Participant: 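Could you have a look at this structure, given as structure tokens, before my questions?
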Number of protein chains: 2
Amino acid sequence: MGQKNNNKYRKIISAATRVFAKNGFYKAKVSEIAKEAGIADGTIYIYFKHKDDILIALFEEKMKEVLDNMKKQIRLESDPLKKIQRFALLHLKLIEDNKDMAEIIQIELRQSSKFMKNYHNEKFVQYLDLIGDIIQEGKEKGLIRSDIIPGIGKRAFFGALDEMSRFWVLSKRHKYDIETVAKHISNYFINGIKS
Amino acid sequence: MGQKNNNKYRKIISAATRVFAKNGFYKAKVSEIAKEAGIADGTIYIYFKHKDDILIALFEEKMKEVLDNMKKQIRLESDPLKKIQRFALLHLKLIEDNKDMAEIIQIELRQSSKFMKNYHNEKFVQYLDLIGDIIQEGKEKGLIRSDIIPGIGKRAFFGALDEMSRFWVLSKRHKYDIETVAKHISNYFINGIKS
DNA sequence: ATCATATGAATAATCATTCATTTATTTAGC
DNA sequence: GCTAAATAAATGAATGATTATTCATATGAT
């Protein structure tokens with residue numbers, strides 16, 4: 001049954017990613033997810049108790065993956081300012097490489113804090129904190145101004161990246177390539193906060 | 001009938017703002033909007049053809065208001081860098097003063113480009129362009145580096161503000177006051193892009 | 001009296017969820 | 001290694017709940 005490494009469980013998550021990305025959570029029909037996964041409607045209810053649970057499970061999975069990946073990459077850099085650059089590039093690359101996931105994070109993450117009342121998105125908080133920690137480290141090394149508040153800085157930087165992601169996801173043609181955007185965004189931010 | 005200055009039309013928009021803000025568009029019931037507005041369910045259909053149309057009308061109204069207000073305020077400042085500061089402060093004040101509207105713009109605007117397929121949010125584009133124009137002006141006056149791309153800069157800045165807005169809207173207690181946040185965000189950005 | 005507005009109960013469509021039934025897989029006896 | 005219970009998974013048509021929308025009727029204004 002509901003084993004996470006189970007074949008059908010995976011198929012449902014994968015299908016739901018595509019279906020949710022297409023029209024958002026509310027417009028997505030369970031029967032459409034089933035069809036996309038190539039299984040019967042009822043089968044979904046062997047693996048998930050409610051439609052909502054599919055979305056929550058999907059988040060957890062994707063965010064864990066993103067978070068682990070980002071942590072690993074950040075560790076490869078020792079200079080905090082370089083870490084910020086790498087964060088930007090990796091974040092945007094992730095969006096580019098996984099459009100469906102990006103749409104979910106873009107569209108659904110926004111609603112999530114509303115409709116998943118009690119669901120506190122721990123993984124997202126950790127993701128933001130990765131940035132906060134880099135800023136803190138930079139301050140301690142004297143590379144970043146001492147008056148910078150990590151709690152504000154991390155949101156400013158994430159917000160900037162995130163807005164570019166939305167633009168990327170919603171655009172048909174891409175005016176700027178990922179590398180250019182990442183370079184610019186991280187440069188504004190680094191110049192803005194460095195000592 | 002559907003006159004925009006009509007009393008009931010206004011009441012519906014106002015009620016819908018509150019109801020949509022509470023649980024998002026999809027969870028909001030038309031009957032609840034009617035109840036909140038103190039009118040009968042059917043009356044709503046005299047003024048709006050579909051539930052969706054209420055949301056669209058609501059956007060247009062609020063965004064027009066925000067846009068006009070912002071334009072007026074920006075004109076009071078002549079220094080482009082000061083304009084950026086003022087933009088940040090005003091944007092965040094707006095969120096603070098109008099939490100329901102902010103939640104709608106935060107939560108629903110995100111979905112909008114998905115669920116209102118053909119609805120191109122012109123007012124939002126104009127809002128972003130206000131920032132782009134300030135950056136352009138700053139470049140021309142030699143106050144902003146010539147390699148800054150307004151199309152990226154405007155999104156980075158808006159994204160930063162917007163992420164802080166979301167944080168503000170979703171937080172019970174507010175760790176930082178609006179003025180502090182506005183000052184920090186605009187400082188990061190101004191330092192990041194100035195000559 | 002006529003026309004415009006407003007009402008809210010009734011309608012109808014939409015989907016999430018269930019469950020009686022079928023199909024597949026495992027276990028145990030020989 | 002084979003067969004037959006026994007158990008687990010999967011099916012999809014039927015159910016039931018929810019709600020957007022309609023419309024026959026009522027109310028109020030001119």
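Since we're looking at a predicted model, the values are computed, not measured. Letters A, B, ... mirror the listed sequences (proteins, then strands); counts begin at 1. Scope of the values below: all heavy atoms of this structure, side chains included, with no hydrogens, waters or symmetry mates.
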Participant: Does the plane of the ring in A/Tyr127 sit parallel, tilted or perpendicular to the ring in A/Phe158? Use 30° and 60° as the thresholds.
Facilitator: perpendicular
Participant: Quick check for you: among D/dT11, D/dA20, D/dG12, whose closest atom lies nearest to any side-chain atom of B/Lys51?
Facilitator: D/dA20
Participant: Between A/Asn7 (CG) and D/dA8 (C1'), how many Å, whole number?
Facilitator: 16 Å
Participant: Is the closest side-chain donor-acceptor distance between B/Ser14 and B/Arg18 under 3.5 Å?
Facilitator: yes
Participant: Kindly say if A/Ser31 contacts the phosphate of C/dC15, meaning a side-chain N or O under 4.0 Å from OP1 or OP2.
Facilitator: no
Participant: If you restrict it to nitrogen or oxygen atoms, what contacts under 3.5 Å exist between nucleotides 24-30 of chain D and the protein, and what is each distance?
Facilitator:
none

Participant: Counting side-chain heavy atoms from C-beta on, which of C/dA16, D/dG12, D/dT21 comes nearest to A/Val30?
Facilitator: C/dA16
Participant: Nearest whole Å is fine: how far is D/dT11 C1' from A/Tyr47 OH?
Facilitator: 12 Å
Participant: So, does B/Asp53 use its side chain to make a donor-acceptor pair with the main chain of B/His50 at under 3.5 Å?
Facilitator: yes
Participant: Which pairs pass salt bridge (Lys or Arg N to Asp or Glu O under 4.0 Å) with one or both residues in residues 171-180 of chain B, sequence neighbours excluded?
Facilitator: B/Lys93-B/Glu179
Participant: If only side-chain N and O atoms of A/His50 are considered, is one of them under 4.0 Å from the OP1 or OP2 phosphate oxygen of C/dA16?
Facilitator: no
Participant: Do A/Arg145 and A/Lys194 make a side-chain contact, defined as non-hydrogen atoms from C-beta onward lying under 4.5 Å apart?
Facilitator: no
Participant: Quick one: B/Ile46 CD1 to D/dC23 C1', roughly how many Å, whole number?
Facilitator: 11 Å
Participant: Return the nearest nucleotide to the side chain of B/Lys29; candidates are D/dG12, D/dT19, C/dA16.
Facilitator: D/dT19
Participant: Answer yes or no: is there an ion pair linking B/Lys72 with B/Asp68, defined by an N-O contact shorter than 4.0 Å?
Facilitator: no
Participant: Would you indicate whether the side-chain heavy atoms of B/Lys27 and B/Phe20 approach each other to under 4.5 Å?
Facilitator: no
Participant: Between atom OH in B/Tyr26 and atom P in C/dA16, what is the gap in whole Å?
Facilitator: 12 Å
Participant: Should the pair A/His184 and A/Tyr188 be assigned to parallel (<30°), tilted (30 to 60°) or perpendicular (>60°) ring geometry?
Facilitator: perpendicular
Participant: For B/Lys82 and B/Ile74, indicate whether the former's side chain and the latter's backbone hold a donor-acceptor pair under 3.5 Å.
Facilitator: no
Participant: May I have the distance from B/Ile39 (atom CD1) to C/dA4 (atom P), rounded to whole angstrom?
Facilitator: 20 Å
Participant: What integer distance in Å separates B/Lys49:NZ from D/dT21:C1'?
Facilitator: 11 Å
Participant: Report which part of the nucleic acid B/Ile44 touches: base, sugar-phosphate, or nothing (heavy-atom distance under 4.0 Å, all strands).
Facilitator: nothing
Participant: Find the distance B/Lys27:NZ to D/dA20:C1' and express it as a whole number of Å.
Facilitator: 18 Å
Participant: Below 3.5 Å is the cut-off: list the nitrogen or oxygen pairs between protein and nucleotides 19-25 of chain C, distance only.
Facilitator:
none

Participant: Round to a whole Å and report the spacing from CZ of A/Phe48 to P of D/dA9.
Facilitator: 15 Å
